[in-house]
Amino acid sequence: MIALETKNFNLKQISSSGQCFRMRPKEEKGESGYEIIAGDHCLFAQQEADLCKFHCSGEEFEQFWYSYFDLGTDYESYIENIDPLDEYLTNAAHRGHGIRILRQDLWEMIVTFLISQQNNIVRIRHCIDNICKCYGKEMKTADSGETYYAFPEPEPLAAATDEELKTCNLGYRSKYIIRTANSITSGEVNLDGLLSMDYQQARTELLKLYGIGEKVADCICLFALHKLKAFPVDTHIRQAIEKHYPNGFPAERYRGFEGVLQQYIFYYELTDA
DNA sequence: AGCCAGGAAGTCC
DNA sequence: GGACTTCATGGC
């Protein structure tokens, strides 16, 4: 178990920030915390104020979770750059000050945000749970020996038929996932290649995939490739900008980390004080 | 019951 | 290039 003092880190805020869908409140041995499943990893974590307990080995923490939670980055400096006259953004950042832009798996984000389109967050979780149970490897946690399912690899999803995927209740998105999985297994689009591209290159490459448009591509760039200049505009963000920024969001002031602010706004719009 | 959801592809002009 | 329609499913 790793105990750590953290700043600008809040499990509750991250779990409901809409960037990850396999993180949820959980009781373990009578203690409350959060279960986080990412790729084929699973972690139980607890938090009291700034003190966090990560129930994993030091090795797994250093090699995986430290990076996953982006713990090497100072988020307060992003918040300090916010225009103090911008009351809306100041309030949004205040409420979501414990959010981090997670460094998640590329393939997992591609599938996750294909599923996210024209869908609500509660149902997105169900859809992802379904495909993990059907197509992901069964795993056991080192900590407590509990069973969980890894996120499925491209191969089994590429091999699935539309009829089979239908049992996961993905709706019309099934065909997007099958065709995109085939684009990966065939080598038409190379996942490792995407990792070394800049934002514009990666975005263009992602747009080649069937079912991925500008918004989903930006989510993948932000949440998997950690391109903080990506600023995904969905229905909530569009409405918030129309309401609070009639002349457009002042992205030029925040060049290079617009994506962090986008998350504060998204979280602010989806939560109550 | 009916509207909506972290949109994108298809089909017009 | 823009506007308009269709696409499954279920949460609220």
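Chain letters run A, B, ... following the sequence lines, proteins first, then strands; residues in each count from 1.
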**Message:** I want to check a possible cation-pi pair here: A:R179 against A:Y210, using under 6.0 Å from ring centre and within 45° of the ring axis as the test.
**Reply:**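 Ring-cation test returns yes.
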
How many whole angstroms separate atom [atom1] of [X] from atom [atom2] of [N]?
{"X": "A:R238", "N": "B:dG7", "atom1": "CZ", "atom2": "P", "answer": "9 Å"}
{"X": "A:I178", "N": "C:dC7", "atom1": "CD1", "atom2": "P", "answer": "18 Å"}
{"X": "A:I128", "N": "C:dT9", "atom1": "CD1", "atom2": "C1'", "answer": "15 Å"}
{"X": "A:N130", "N": "C:dT9", "atom1": "CG", "atom2": "P", "answer": "12 Å"}
{"X": "A:I220", "N": "B:dA8", "atom1": "CD1", "atom2": "C1'", "answer": "13 Å"}

In whole Å, what separates the [atom1] atom of [N] from that of [M]?
{"N": "C:dG11", "M": "B:dA8", "atom1": "P", "value": "23 Å"}
{"N": "C:dT6", "M": "B:dC4", "atom1": "C1'", "value": "16 Å"}
{"N": "B:dA9", "M": "C:dG10", "atom1": "P", "value": "24 Å"}

Listed partners of [X] passing salt bridge (Lys or Arg N to Asp or Glu O under 4.0 Å), at least two apart:
{"X": "A:D129", "result": "A:R24"}
{"X": "A:E31", "result": "none"}
{"X": "A:E60", "result": "none"}
{"X": "A:D86", "result": "none"}

**Message:** Under the rule for side chain to side chain donor-acceptor pair (under 3.5 Å), what residues qualify as partners of A:Y75, not counting sequence neighbours?
**Reply:**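 Result, side chain to side chain donor-acceptor pair (under 3.5 Å) vs A:Y75: A:D70.
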
**Request:** Do nucleotides 1-6 of chain C as a string where each nucleotide becomes B, S or -: B if the base has a protein heavy atom under 4.0 Å, S if just the sugar-phosphate does, - if no protein is that close.
**Result:** ------

All N/O contacts under 3.5 Å from nucleotides 9-13 of chain B to the protein, with atom names and distances to one decimal?
residue : atom : partner : partner atom : Å
B:dA9   : OP1  : A:G211  : N            : 3.1

Give me, pair by pair, the N or O atoms of the protein and of nucleotides 3-6 of chain B that are less than 3.5 Å apart, along with how far apart they are.
residue : atom : partner : partner atom : Å
B:dA5   : O3'  : A:N119  : O            : 2.6
B:dA5   : N7   : A:Q118  : NE2          : 2.7
B:dG6   : OP1  : A:N119  : O            : 3.4
B:dG6   : OP1  : A:I121  : N            : 2.3
B:dG6   : OP2  : A:H236  : NE2          : 3.3
B:dG6   : O4'  : A:D234  : OD2          : 3.0
B:dG6   : N9   : A:K215  : NZ           : 3.4
B:dG6   : N7   : A:G18   : O            : 2.7
B:dG6   : O6   : A:G18   : O            : 2.9
B:dG6   : O6   : A:Q263  : OE1          : 3.1
B:dG6   : N1   : A:Q262  : NE2          : 3.4
B:dG6   : N2   : A:Q262  : NE2          : 2.1
B:dG6   : N3   : A:D234  : OD2          : 2.8

**Request:** Hey, could you give me each pair passing side chain to side chain donor-acceptor pair (under 3.5 Å) that has a residue in residues 261-273 of chain A? Not counting sequence neighbours.
**Result:**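 Non-adjacent pairs meeting side chain to side chain donor-acceptor pair (under 3.5 Å): A:Y88-A:E269, A:R95-A:T271.
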
**Item:** Pairs meeting criterion side chain to side chain donor-acceptor pair (under 3.5 Å) with involvement of residues 153-172 of chain A, two or more places apart
**Value:**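 Checked against side chain to side chain donor-acceptor pair (under 3.5 Å) - neighbours excluded - the pairs reaching residues 153-172 of chain A are A:Q117-A:Y172.
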
Per-pair distances, 0.1 Å, donor-acceptor, side chain in residues 184-195 of chain A, under 3.5 Å, sequence neighbours excluded:
residue : atom : partner : partner atom : Å
A:T185  : OG1  : A:A181  : O            : 3.3
A:T185  : OG1  : A:N182  : O            : 3.3
A:S186  : OG   : A:N182  : O            : 2.9
A:S186  : OG   : A:S183  : O            : 3.3
A:S186  : OG   : A:E188  : N            : 3.3
A:E188  : OE1  : A:S183  : OG           : 3.3
A:N190  : OD1  : A:D192  : N            : 3.1
A:N190  : OD1  : A:G193  : N            : 2.6

**Message:** Check the phosphate of C:dG11 against A:H126, side-chain N and O only, distance under 4.0 Å to OP1 or OP2. Yes or no?
**Reply:**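 Yes, A:H126 has a side-chain N/O under 4.0 Å of OP1/OP2 on C:dG11.
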
**Prompt:** For A:E214, does the CD atom sit with more than 12 other heavy atoms under 6.0 Å from it, leaving out its own atoms?
**Reply:**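 At most 12 heavy atoms, drawn from other residues, nucleotides or ligands, come within 6.0 Å of this atom.
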
**Residue pairs fulfilling salt bridge (charged side-chain N to carboxylate O under 4.0 Å, His left out) with at least one residue in residues 218-231 of chain A, sequence neighbours excluded** =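 Counting only pairs at least two positions apart or across chains, the salt bridge (charged side-chain N to carboxylate O under 4.0 Å, His left out) contacts touching residues 218-231 of chain A are A:R203-A:D218.
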
